[in-house]
Amino acid sequence: MSEPGNVTVRRATMTDIPAITRIYNQGIVDRLATLETDERSESERAAWLTARDERHPVLAAERNGAVVGWGSLNIFNPRPAYRFVADFSVYVAREARGSGVGGALLVALIAEARRLEFHKLALAAFLHNAAGMRLYRKFGFRLVGVYREQGILDGRWVDVAIMERLLEPPA
Ligand SMILES: CC(C)(COP(=O)(O)OP(=O)(O)OC[C@H]1O[C@@H](n2cnc3c(N)ncnc32)[C@H](O)[C@@H]1OP(=O)(O)O)[C@@H](O)C(=O)NCCC(=O)NCCS
């Protein structure tokens, strides 16, 4: 689908489920990415992948034959008026972070969102997630605002940043 550097990003399939589950659980355990706290099983992730519709794909990032990250376009809000806005997720395996995989996934997610005729991408992220903040800024996301003390992780309040990027047509 897309190949910045030596990372290939393509649609995820059922054979990617073990890697996707491992990488998602790392993100949950690291407490940098999500207010989710329950680790997932492969069967739960398989059901999640099966339930995706055509407008909300899951992408897998591969390097040297191994899945090192995944991303997805998610339903922002099920009301029809929101159908041109997508939320998204991006998760990179611990051992592959900081080496361009997140950037490759963002390139592919933005291209997919445009192809699927979304008008906007939106996301929620932790302000203290330095890699995430840097990645989103680099790809033109603007800070809409910050929910103060939006969740509790391990007994501590967490602030959540809301960001967005309009998907102007490519030049
Ligand atoms: C956040 C995440 C997706 C970024 O992906 P990545 O592959 O590590 O990032 P990249 O290597 O593509 O780098 C993207 C930018 O962030 C910067 N960056 C990477 N790691 C960083 C860190 N730990 N601190 C600060 N900046 C960092 C890079 O330098 C790069 O910016 P630059 O091109 O201006 O130098 C990844 O680290 C990750 O999956 N983390 C755990 C899960 C998570 O936080 N997901 C996001 C939820 S909102």
Side-chain angles (χ1 to χ4, degrees), residues 1-12 16-40 44-45 48-49 52 56-77 85-113 118 120-154 156-165 167:
M1 184 183 268
S2 71
E3 279 187 62
N6 56 353
V7 181
T8 302
V9 182
R10 54 164 176 77
R11 285 287 177 111
D16 301 319
I17 285 298
I20 287 173
T21 306
R22 181 180 75 90
I23 294 165
Y24 187 37
N25 284 336
Q26 289 178 347
I28 292 171
V29 168
D30 290 347
R31 299 288 196 259
L32 274 173
T34 173
L35 287 168
E36 183 57 73
T37 49
D38 292 336
E39 290 184 60
R40 301 305 167 88
E44 188 278 340
R45 284 294 88 181
W48 164 81
L49 183 59
R52 309 296 296 198
H56 300 95
V58 179
L59 306 182
E62 213 177 289
R63 178 186 274 156
N64 302 326
V67 173
V68 288
W70 63 271
S72 59
L73 296 178
N74 311 319
I75 294 171
F76 176 78
N77 185 308
V85 181
D87 171 78
F88 70 95
S89 304
V90 56
Y91 285 80
V92 176
R94 276 183 199 136
E95 66 277 10
R97 290 179 196 160
S99 64
V101 178
L105 278 163
L106 253 288
V107 168
L109 285 167
I110 289 168
E112 271 294 85
F118 284 105
K120 180 196 282 194
L121 285 177
L123 68 95
F126 297 156
L127 268 183
H128 61 269
N129 184 347
M133 287 297 130
R134 179 94 183 224
L135 179 68
Y136 303 138
R137 289 281 192 200
K138 184 177 162 185
F139 279 87
F141 286 81
R142 80 173 185 99
L143 184 66
V144 176
V146 177
Y147 286 120
R148 295 290 175 200
E149 303 185 354
Q150 180 76 341
I152 287 191
L153 279 179
D154 306 322
R156 299 176 68 154
W157 286 109
V158 182
D159 294 344
V160 174
I162 304 300
M163 302 179 86
E164 68 174 6
R165 178 185 155 166
L167 297 175

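All residue numbers refer to positions in the sequence shown, counting from 1. Start at 1 and go down the list; that is how both ligands and their atoms are numbered. On a predicted model such as this, the values are computed, not experimentally measured, just so you know.
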Is any side-chain heavy atom of [X] closer than 4.5 Å to a side-chain heavy atom of [Y]?
X    : Y    : answer
V90  : L106 : yes
N25  : R45  : no
V146 : L127 : yes
I28  : D38  : no
L73  : L121 : yes

Heavy atom of the protein closest to [atom] (residue, atom name, distance):
atom                    : answer
atom 27 (C) of ligand 1 : A131 CA, 3.7 Å
atom 40 (N) of ligand 1 : R97 NE, 3.5 Å
atom 8 (O) of ligand 1  : G98 N, 2.8 Å
atom 5 (O) of ligand 1  : G102 CA, 3.4 Å
atom 12 (O) of ligand 1 : G103 N, 2.9 Å
atom 14 (C) of ligand 1 : L135 CD1, 3.6 Å
atom 48 (S) of ligand 1 : Y136 OH, 3.1 Å

(request) List in chain and number order the residues that pass ring pair (Phe, Tyr, Trp, His ring centres under 6.0 Å) with F126, two or more places apart in sequence or in another chain; answer none if no residue qualifies. (result) H128

Nitrogen or oxygen atoms of [X] and ligand 1 under 3.5 Å apart:
X    : value
A124 : no
V92  : yes
K138 : yes
V90  : yes

I want to confirm something. Looking only at heavy atoms, which of [options] is nearest to [atom]?
atom                    : options          : value
atom 35 (O) of ligand 1 : R137, R134, Q26  : R134
atom 24 (N) of ligand 1 : A130, G132, G100 : A130
atom 47 (C) of ligand 1 : A104, A125, A33  : A33

(request) Enumerate the atoms of ligand 1 whose separation from the nearest heavy atom of Y91 is less than 4.0 angstrom. (result)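 Every atom of ligand 1 under 4.0 Å from some heavy atom of Y91: 39 (O), 42 (C).
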
(request) Would you mind listing which atoms of ligand 1 come within a distance below 4.0 Å of any non-hydrogen atom of S99? (result) 11 (O)

(message) Strictly inside 4.0 angstrom of atom 33 (O) of ligand 1, do you find any protein heavy atom?
(response)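 Protein heavy atoms within 4.0 Å of atom 33 (O) of ligand 1 - there is at least one.
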
(message) Can you check atom 16 (O) of ligand 1: any protein non-hydrogen atom closer than 4.0 Å?
(response)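 Flag for atom 16 (O) of ligand 1 set to true, protein heavy atom closer than 4.0 Å.
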
(message) Which heavy atom of V67 sits nearest to which heavy atom of A60, and what is that distance?
(response)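 Where V67 meets A60 most closely, the heavy atoms are CG1-CB, 4.4 Å.
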
(message) Under 3.5 Å, is there a donor on one side chain and an acceptor on the other for R52 and N74?
(response) yes

(request) Would you kindly specify which portion of S89 sits under 4.0 Å from ligand 1, judged on non-hydrogen atoms: side chain, backbone, both or neither? (result)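 Looking at S89 and ligand 1, no heavy atom falls under 4.0 Å.
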
(request) Tell me which part of N129 gets within contact of ligand 1: side chain, backbone, both or neither, using heavy atoms under 4.0 Å. (result)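 Side chain only.
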
(request) Just say parallel, tilted or perpendicular for the rings of Y136 and F88, cut-offs at 30° and 60°. (result) perpendicular

(message) I'd like to know if E95 and R63 make a salt bridge, using a cut-off of under 4.0 Å between side-chain N and carboxylate O.
(response) no

(message) Tell me if the aromatic rings of F76 and F118 count as close, with their centers under 6.0 Å from one another.
(response) no

(request) Could you note down all residue pairs passing side chain to side chain donor-acceptor pair (under 3.5 Å) where residues 137-153 supplies at least one of them, sequence neighbours left out? (result) R142-E164, R148-D159

